[in-house]
K.L.:
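Have a look at this one before I ask anything.
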Amino acid sequence: MTTIAQAVSCLDGYDPDALHVDKAGEAIRACLAPVAGSERVQVREALGRVLAREIVPQINVPGHDNSAMDGFAIRSADLKNEKITLRQIGTAFAGKPFSGKVSTGECVRIMTGAVMPQGTDTVVVQEVCSVENEHLSIPPGQKTGQNVRAAGEDLKAGVPVLKAGQLLRAAEIGLIASIGIGQVEVMRRLRVAFFSTGDELASIGTPLKEGQVYDSNRYTLHGMLVRLGVEIIDMGVVRDDPALLEAAFRKAAAEADAIITTGGVSVGEADFVKQLMAQLGDVLFWKIAMRPGRPMAFGKIGKAYLFGLPGNPVAVMVTFYQFVRDALLFLGGRTDCFDVPLLKAESATAIRKVPGRTEYQRGIVYRDGAVWKARITGQQGSGVLRSMSEANCFIVLEHERGSVQAGEPVQVQLFEGLA
Ligand code: AMP
Ligand code: MG
């Protein structure tokens, strides 16, 4: 079996002590194998899940040629270069088709969504027509086939429409419903166990002793994991005690597909977290060329993937979004593109930066007239969680880049999308 170290050692430019963010992402990807297993759920419950088997419609959508407008269904063969007059022989409603056949010189009043009557192939919108008694006058200039939606123009029977590995969003749920399917096969949810480490951590509900901080990481992580749609195993705070840590790692590895810990992976950290990770699993300790979030552990304990994140609250969020999110989505079976796009904005202010590391500054992207601009939220310390709360994006300053002047373009990664 290939070890984690073997899997990453063949990557060009892999340097665990000054790891480029792109390399860290590549190294993680090189080690992951998606989980197996699926379940059948009702179509509504499939929202946010990953499709496990491709979907092939058994029917055409729409099932028949039908009208895209309210107007008159006619035979295009009756059209001339001049005004024509046709006799209206009936009406076709959506859901109540006209049952007769339309012959030369005849037409049928038709509503949007109504099936095209036999013999007709074109719809003339009612606004351009004039009706007198049963006789309809149509001006010249109509095109054959206009205002008609062809059977199967949305979905064709037998032609696959959704692929395994695709995220099911509102559009896909509606699309599945449109072909009359009530249940779908989705990937089982990924199980993710997480705990916080650190002797300075107090749990909510206990008074803070001197030098303690409340454990916020577990709450942030919980929020980010819920949004990813994984199954959550919250293991609480684990003291810096080898027996407790070992028990926690073993339990997590037995129950979960992935383990996320925070704290205890810094350089020179005098605790047992790193020691136990190394002892119980196949784990690499990285110094990533990024800010915030430099130290990180990655590997496996038993069958579970381990992400040992730094302790600082902002570093936790940045490393989660830049590495763990991608990894968990991939492990959960996603095969469609789930990169968060980098968009361009104009930096409203100067930003200090040294080349040689990628920075994820917390920013606010806003519109100034026709231009999208970005500015950083105040203090950027990796312990200042407020900087995340006030932000709506990361301003991603590339590895090689030095300081940014006001007015220069910067890349931003938005926190929220349309859905
Ligand atoms: P560490 O990476 O363990 O050295 O932790 C770095 C900093 O993050 C320290 O100031 C810790 O107090 C803080 N920290 C660690 N874990 C947490 C947590 N779960 N919640 C809030 N702050 C934390
Ligand atoms: Mg610590």
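Order of listing sets the numbers, starting from 1, for every ligand and every atom in it. The structure displayed is predicted, hence computed values, not measured ones. For this chain, numbers begin at 1 and follow the sequence in order.
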K.L.:
Answer yes or no: is there a donor N or O on one side and an acceptor on the other, between the side chain of Arg362 and the main chain of Tyr360, under 3.5 Å?
P.N.:
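Side chain of Arg362 to backbone of Tyr360, a donor-acceptor pair under 3.5 Å: yes, one is there.
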K.L.:
Could you list the atoms of ligand 1 found under 4.0 angstrom from a heavy atom of Gly263?
P.N.:
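It comes down to these atoms of ligand 1: 2 (O), 3 (O).
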K.L.:
Could you tell me if Lys23 sits above the aromatic ring of Tyr14, with its cationic atom closer than 6.0 Å to the ring centre and no more than 45 degrees from the axis?
P.N.:
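The answer is no, since Lys23 fails at least one limit relative to Tyr14.
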K.L.:
Could you tell me the residue and atom name of the protein heavy atom closest to atom 15 (C) of ligand 1, and the distance to it rounded to 0.1 Å?
P.N.:
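Protein heavy atom at minimum distance: Gly311 O, 3.3 Å.
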K.L.:
For the backbone of Asp22 and the side chain of His20, can you confirm whether one donor and one acceptor N or O come within less than 3.5 Å of each other?
P.N.:
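Confirmed, His20 side chain pairs with Asp22 backbone.
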K.L.:
List the closest protein heavy-atom neighbour of atom 19 (N) of ligand 1: residue, atom name, distance to the nearest 0.1 Å.
P.N.:
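The closest heavy atom on the protein side is Asp215 OD1, 2.7 Å.
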K.L.:
May I ask you to test the Ile173-Arg169 pair for a side-chain heavy-atom distance under 4.5 Å?
P.N.:
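Of all side-chain heavy-atom pairs linking Arg169 with Ile173, none is under 4.5 Å.
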K.L.:
What protein heavy atom lies closest to atom 3 (O) of ligand 1? Include the residue and the distance to one decimal.
P.N.:
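Sorting protein heavy atoms by distance from atom 3 (O) of ligand 1 puts Gly264 N, 2.9 Å first.
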K.L.:
Check ligand 1 against Ser196 and write out every atom of the ligand that is under 4.0 Å from a heavy-atom position of the residue.
P.N.:
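Per the distance check, 19 (N).
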K.L.:
Under 3.5 Å between any N/O of Ser266 and any N/O of ligand 1: does that happen in this structure?
P.N.:
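Ser266 vs ligand 1: N/O contact under 3.5 Å present.
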K.L.:
Cut-off 3.5 Å, side chains only: do Gln322 and Gln413 have a donor facing an acceptor?
P.N.:
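Side-chain D/A pair, Gln322 to Gln413: present.
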K.L.:
Provide, to 0.1 Å, the distance between atom 10 (O) of ligand 1 and the closest protein heavy atom, together with that atom's residue and name.
P.N.:
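Nearest protein contact, heavy atoms only, for atom 10 (O) of ligand 1 is Asn312 OD1, 4.2 Å.
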K.L.:
What closest approach, in Å, do Val148 and Asp121 show between heavy atoms, and which atom pair accounts for it?
P.N.:
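In terms of heavy atoms, the two residues are closest at CG2-O, 3.5 Å.
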K.L.:
For atom 22 (N) of ligand 1, what is the closest protein heavy atom, and at what distance to 0.1 Å?
P.N.:
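Nearest protein contact, heavy atoms only, for atom 22 (N) of ligand 1 is Pro313 CG, 3.8 Å.
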K.L.:
Please identify which atoms of ligand 1 are closer than 4.0 Å to at least one heavy atom of Tyr214.
P.N.:
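Atoms satisfying the 4.0 Å criterion: 20 (N), 21 (C).
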K.L.:
Which part of Val265 is near ligand 1, with near meaning a heavy atom under 4.0 Å away: side chain, backbone, both or neither?
P.N.:
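No part of Val265 comes within reach of ligand 1.
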K.L.:
Considering only protein heavy atoms, which is closest to atom 12 (O) of ligand 1, and at what distance to one decimal place?
P.N.:
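So the nearest neighbour among protein heavy atoms is Glu200 OE2, 2.7 Å.
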K.L.:
Under a 3.5 Å cutoff, is there a donor and acceptor pairing between the side chains of Arg109 and Gln126?
P.N.:
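Side-chain D/A pair, Arg109 to Gln126: present.
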K.L.:
Would Arg29 and Phe330 count as a cation-pi pair here, with the cationic atom under 6.0 angstrom from the ring centre and within 45° of the axis?
P.N.:
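Cation-pi check for Arg29 and Phe330: passes.
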K.L.:
Among all protein non-hydrogen atoms, which one is nearest to atom 17 (C) of ligand 1, and what is the separation to 0.1 Å?
P.N.:
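Minimum-distance protein heavy atom for atom 17 (C) of ligand 1 reads Asn217 ND2, 3.1 Å.
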K.L.:
Return the residue, atom name and 0.1 Å-rounded distance of the protein heavy atom closest to atom 21 (C) of ligand 1.
P.N.:
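Nearest neighbour among protein heavy atoms for atom 21 (C) of ligand 1, to 0.1 Å: Ser216 OG, 3.4 Å.
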K.L.:
Look at Asp234 together with Arg218 and state whether they make a salt bridge at an N to O cut-off of under 4.0 Å.
P.N.:
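Looking at Arg218 together with Asp234, the answer is yes, because their closest N to O distance falls below 4.0 Å.
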